[in-house]
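Step one of this worksheet: look at the structure below.
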Amino acid sequence: MNYDVIIIGFGPTGKVLARKLSDGGHRVAIVERWPAAYPLPRAVGFDHEIMRMFHALGVSAQVEAISRPMEHYVWYNADWKVLLDLDYTDDSISGGPDGFLFNQPDLERVLEADLVGRPGITLYTGHEALAVRDTGERAEVDLAPFDEAAEAKPAPALTLSARYVVGCDGANSLVRETMGAAVRDLGFDESWLVVDVLPHDIDTLALPLAAQWCNPARPTTIISGGRTNRRWEFMLLPGETPEDFARDESVWALLAQWVTPENSTLIRKATYRFRSLVVDGWRKGRLLVAGDAAHRMPPFMGQGMCAGLRDSWNLGWKLDRVLRGASPEDLLDSYEAERAPHVEAVIRISVGLGKVVCIPDPDAARQRDEAFFAGQVPPPHPFPPLVSGVIDAAPQAPGAGELSPHDDLLQDAARVRLDTAAAGGFVLLSRTPVDDPRLHRLGIATVILNGADVRDAGGRLSALLDRLGAAAVLIRPDFYVFGSAPSPQDIPDLLGRLEGRLCAPSASERAA
């Protein structure tokens with residue numbers, strides 16, 4: 001059984017990567033040990049950049065139907081006095097709300113319904129990947145039907161072959177283990193009890209939409225799980241173990257001040273170790289990792305699933321170019337070069353927030369509270385840009401590595417999203433017409449913002465050009481800015497630098 005790419009793991013990271021590759025006309029096999037998506041809640045938040053991906057995939061209406069916008073993320077001290085109020089009500093750079101709250105099984109069903117039946121997709125659900133090999137010319141995966149009750153691994157029943165294998169197979173990744181990649185610990189390790197509840201009438205409960213109760217007696221997270229569910233996360237205190245909360249009665253005791261068995265149903269309870277881990281070595285030959293197989297972070301920014309989807313979005317367009325022969329395979333090395341520093345920066349922000357929350361000592365918590373009330377605590381670090389990889393290093397090209405703004409384009413009576421106009425590829429925003437053969441050769445769409453025939457509805461794209469002092473900005477398929485040109489005469493050089501990054505001979509070709 002021969003494919004272009006085998007994806008091990010059918011969570012959101014694997015699903016989105018498979019969809020991107022299917023859109024490129026590639027043959028994809030997806031291997032998942034479970035016959036259906038995990039039915040219980042896990043992730044509960046995603047941000048505007050991820051919603052932008054869902055718009056580009058054409059599933060935004062379905063996702064919006066199962067989500068609710070984030071409004072305020074409020075941090076309280078033990079006495080319910082506000083320490084920090086993160087306001088998400090303004091329009092984001094991507095347009096619309098800055099963040100969303102959701103129930104992961106609902107999202108999984110949306111993504112799966114979109115994916116099943118698409119050209120080139122073969123599902124091996126109910127099958128376990130037993131071994132992965134890089135043979136040099138190809139990569140292979142041995143499979144067998146999965147039996148959770150089996151005491152020993154079965155013999156391989158099937159072997160699949162592909163040009164690349166991507167492990168979206170979680171924290172205990174077989175692909176990462178096969179690659180021998182090292183895992184770095186960034187120093188956060190706390191155990192928390194995660195509880196998901198279905199209120200019988202959610203509108204009657206006076207609950208914050210998203211809050212951290214920084215109570216040293218029991219640091220607690222309270223957050224919406226989409227339109228119907230609610231989640232609580234309780235930090236385990238020194239001396240406590242997961243076994244202390246194995247019985248439902250002990251969980252209801254923690255929930256008692258908010259909900260009871262009379263007005264709510266307990267959906268799930270599970271104890272997790274909140275870790276901060278980054279893998280060194282996301283690619284080895286024909287094997288790659290993404291999502292939790294490549295990194296793990298505490299949940300205090302709601303960025304765990306988001307990071308995996310950014311991996312898929314980044315890797316998807318690069319694998320597409322390599323598989324089509326439009327770029328050498330060395331382009332895949334830019335995947336880790338871009339994503340690893342970005343996700344490590346996000347993890348460190350999340351760890352910093354976690355250290356504010358996870359203070360069980362009353363004296364230390366009082367000092368923290370006083371620092372907040374005195375205005376001595378700096379705001380959270382801004383979200384990071386890309387700092388390396390396929391971005392323009394030319395000093396005359398500011399903006400490289402930034403997340404570009406989204407806007408709708410107005411032309412005559414038509415209104416179209418910029419991402420739709422880009423059609424999943426590169427897009428050149430310019431104030432003057434551009435005639436260059438590299439536009440066609442590199443598959444770059446052009447949007448000429450002349451203020452007459454074509455306008456940006458919200459003014460975000462024009463504002464970007466103004467801020468950068470640019471005549472044109474070149475945006476990548478994953479919405480990040482490659483670079484800019486200060487004048488129309490500099491646009492050919494900008495396109496040339498992109499072509500040099502995408503189409504340079506590979507290391508093996510140079511050696512030959």
Side-chain angles (χ1 to χ4, degrees), residues 41-45 72-86 99 171 183-196 207-225 230-245 250-251 253-255 257-258 269-278 292 295-307 343-374 376-381:
R42 285 174 291 171
V44 293
H72 288 262
Y73 182 23
V74 186
W75 295 40
Y76 300 93
N77 74 351
D79 299 322
W80 293 100
K81 295 179 179 178
V82 175
L83 299 174
L84 178 67
D85 185 347
L86 299 175
V183 179
R184 276 189 297 124
D185 191 332
L186 301 183
F188 191 91
D189 189 349
E190 297 284 355
S191 293
W192 283 61
L193 174 69
V194 177
V195 180
D196 289 283
L207 296 171
L209 189 65
Q212 293 289 348
W213 189 25
C214 303
N215 182 358
R218 174 81 68 186
T220 301
T221 302
I222 309 168
I223 195 163
S224 171
R230 297 299 309 219
R231 169 172 292 180
W232 282 261
E233 297 172 356
F234 300 100
M235 179 178 165
L236 267 62
L237 302 177
E240 292 182 334
T241 67
E243 290 71 27
D244 295 329
F245 303 97
S250 60
V251 175
L254 293 176
L255 294 169
Q257 61 182 300
W258 297 287
K269 62 181 188 297
T271 302
Y272 287 92
R273 287 177 67 190
F274 291 165
R275 305 292 305 278
S276 56
L277 307 173
V278 181
D292 284 356
H295 44 74
R296 290 174 62 190
M297 72 177 74
F300 304 107
M301 287 184 67
Q303 284 292 317
M305 185 191 76
C306 296
V343 78
E344 181 169 336
V346 175
I347 291 172
R348 291 189 182 279
I349 296 171
S350 188
V351 167
L353 294 176
K355 288 180 177 178
V356 173
V357 175
C358 301
I359 299 179
D361 178 76
D363 291 335
R366 184 174 58 255
Q367 293 174 17
R368 172 202 59 202
D369 298 351
E370 291 171 353
F372 269 103
F373 294 143
Q376 298 171 349
V377 179
H381 289 285

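All values below were derived from every heavy atom in this structure, side-chain atoms included, with hydrogens, water molecules and symmetry-related copies excluded. Quick caveat, the model's predicted, so the values are computed rather than measured.
- A donor-acceptor contact shorter than 3.5 Å links the side chain of S350 to the backbone of P298.
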task = Evaluate the criterion side chain to side chain contact (heavy atoms under 4.5 Å, CB included) for residue pair F245 and L236; output intermediate values, then yes/no.
result = CA-CA 10 Å; F245 303 97; L236 267 62; 4.0 Å; yes
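- Counting heavy-atom neighbours within 6.0 Å of H381 NE2, excluding the residue itself, gives a total of 12 or less.
- Atom-to-atom distance recorded for R42:CZ and Y272:OH is 7.5 Å, nearest 0.5 angstrom.
- Counting only heavy atoms from C-beta outward, the side chains of S191 and T241 never approach each other to under 4.5 Å.
- The nearest pair of heavy atoms linking G45 to M305 is O-CE, 4.4 Å.
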message = Show, in sequence, the C-alpha distance, side-chain angles and deciding distance for R231 and V194, and conclude whether the side chain to side chain contact (heavy atoms under 4.5 Å, CB included) test is met.
response = CA-CA 7 Å; R231 169 172 292 180; V194 177; 3.6 Å; yes
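- Looking at every heavy atom in both residues, R296 comes nearest to A171 through CD-CB, 3.7 Å.
- Nearest heavy-atom pair across A307 and V343 is CB-CG2, 3.7 Å.
- Annotation: the span from H295 atom NE2 to L186 atom CG amounts to 12.0 Å, rounded to 0.5 Å.
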inquiry  = Evaluate E240 against L193 for side chain to side chain contact (heavy atoms under 4.5 Å, CB included), listing each step before the verdict.
reply    = CA-CA 11 Å; E240 292 182 334; L193 174 69; over 6 Å; no
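- Looking only at side-chain heavy atoms (C-beta outward), R368 and L83 come within less than 4.5 Å of each other.
- For the atom pair E370 CD and N77 CG, the distance stands at 10.5 Å (nearest 0.5 Å).
- In this structure, S276 contributes its side chain and F188 its backbone to a donor-acceptor pair below 3.5 Å.
- With salt bridges taken as basic N to acidic carboxylate O contacts below 4.0 Å, one links D363 and R366.
- In this structure, R230 CZ and W258 CH2 are separated by 11.0 Å, a value rounded to the nearest 0.5 Å.
- Between W75 and V357, the closest side-chain pair of non-hydrogen atoms falls below 4.5 Å.
- By the 4.5 Å heavy-atom criterion applied to side chains, T221 and W192 are counted as neighbours.
- When every heavy atom of F300 is checked against every heavy atom of F274, the shortest pair comes out as CZ-CD1, 4.3 Å.
- R218 contributes atom CZ, which lies 5.5 Å from atom CG of L254 (distance to the nearest 0.5 angstrom).
- Atom CG of L207 is separated from atom CD1 of I223 by 12.5 Å, given to the nearest 0.5 angstrom.
- Using a 4.5 Å heavy-atom cutoff, the side chains of L353 and P380 are in contact.
- At least one side-chain heavy atom of Y76 sits less than 4.5 Å from a side-chain heavy atom of W213.
- Closest of all the heavy-atom pairs between E190 and C358 is CG-SG, 4.4 Å.
- Checked by atom type and distance alone, the side chain of N215 pairs as donor or acceptor with a backbone atom of A217 at under 3.5 Å.
- The heavy-atom pair separating M297 from I347 by the smallest distance is CB-CG1, 3.5 Å.
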request  = For the pair W80 and V74, evaluate side chain to side chain contact (heavy atoms under 4.5 Å, CB included) and give the outcome as yes or no after the intermediate values.
outcome  = CA-CA 10 Å; W80 293 100; V74 186; over 6 Å; no
